[in-house]
Amino acid sequence: MGIHLNEQAFRQAAEDMMKLKKRNQNLKDKLEQMYKDLTTALDTPAGHALEFTSRSVLLQPIDDMSKVIEHMSITLNTIIGYSGARGQYYDKLFEEYEELDRILRNKTTY
């Protein structure tokens with residue numbers, strides 16, 4: 001019994017994370033423009049307060065989410081290896097597990 005990773009699934013997940021990061025950035029860009037347009041239309045102290053609030057309340061969480069998505073993509077790529085060769089992150093762990101499994105299977109009980 002061995003542990004096997006579906007490297008194609010990890011590759012797809014990593015690719016999907018990068019696509020999600022781009023979509024997240026597009027959303028942020030659109031929201032920034034919307035608030036810029038709104039605060040320009042409301043060239044008053046209230047409009048400027050709205051612009052400041054939009055950054056901390058709405059746009060900062062989107063920035064934070066982008067960092068999380070990027071980290072997930074990097075982690076997935078680390079697990080499978082960047083070069084397309086067999087992944088490097090879990091290889092040693094799996095090799096040690098398989099060796100332990102082999103030892104336990106071959107051990108006789110008294």
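Throughout, numbering of the chain's residues begins at 1 and tracks the sequence. Note that the structure is predicted; figures quoted are calculated from it, not measured.
The closest side-chain heavy-atom distance from Asp16 to Gln12 is below 4.5 Å.
Once rounded to the nearest 0.5 Å, the distance linking CD of Gln60 with CE of Met65 reads 12.5 Å. In this structure, CD1 in Ile103 is found 9.5 Å from NZ in Lys107, a value given to the nearest 0.5 Å.
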Pair Lys21, Gln25 - check side-chain contact (heavy atoms from CB on, under 4.5 Å), show working.
CA-CA 6 Å; Lys21 182 182 176 202; Gln25 183 62 44; 5.8 Å; no
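Closest approach of Asn24 and Ile62 over heavy atoms only: ND2-O, 2.9 Å. Residues Leu76 and Met17 approach most closely at CD1-CG, 4.1 Å, considering heavy atoms. For Leu59 against Glu32, the heavy-atom pair with the smallest separation is CD1-CG, 3.2 Å. Across every non-hydrogen atom of Ser73 and Ala14, the tightest pair is OG-O, 3.2 Å.
At a threshold of 4.0 Å, the pair Asp101-Arg105 counts as salt-bridged, since one of the basic side-chain nitrogens sits closer than that to a carboxylate oxygen.
When the shell of 6.0 Å around CE of Met18 is examined, it contains more than 12 heavy atoms from other residues, nucleotides or ligands.
A donor-acceptor pair under 3.5 Å is formed between the side chain of Asn106 and the backbone N or O of Arg102.
Under 3.5 Å, the side chains of Asp29 and Gln33 contain no donor-acceptor pair of N or O atoms.
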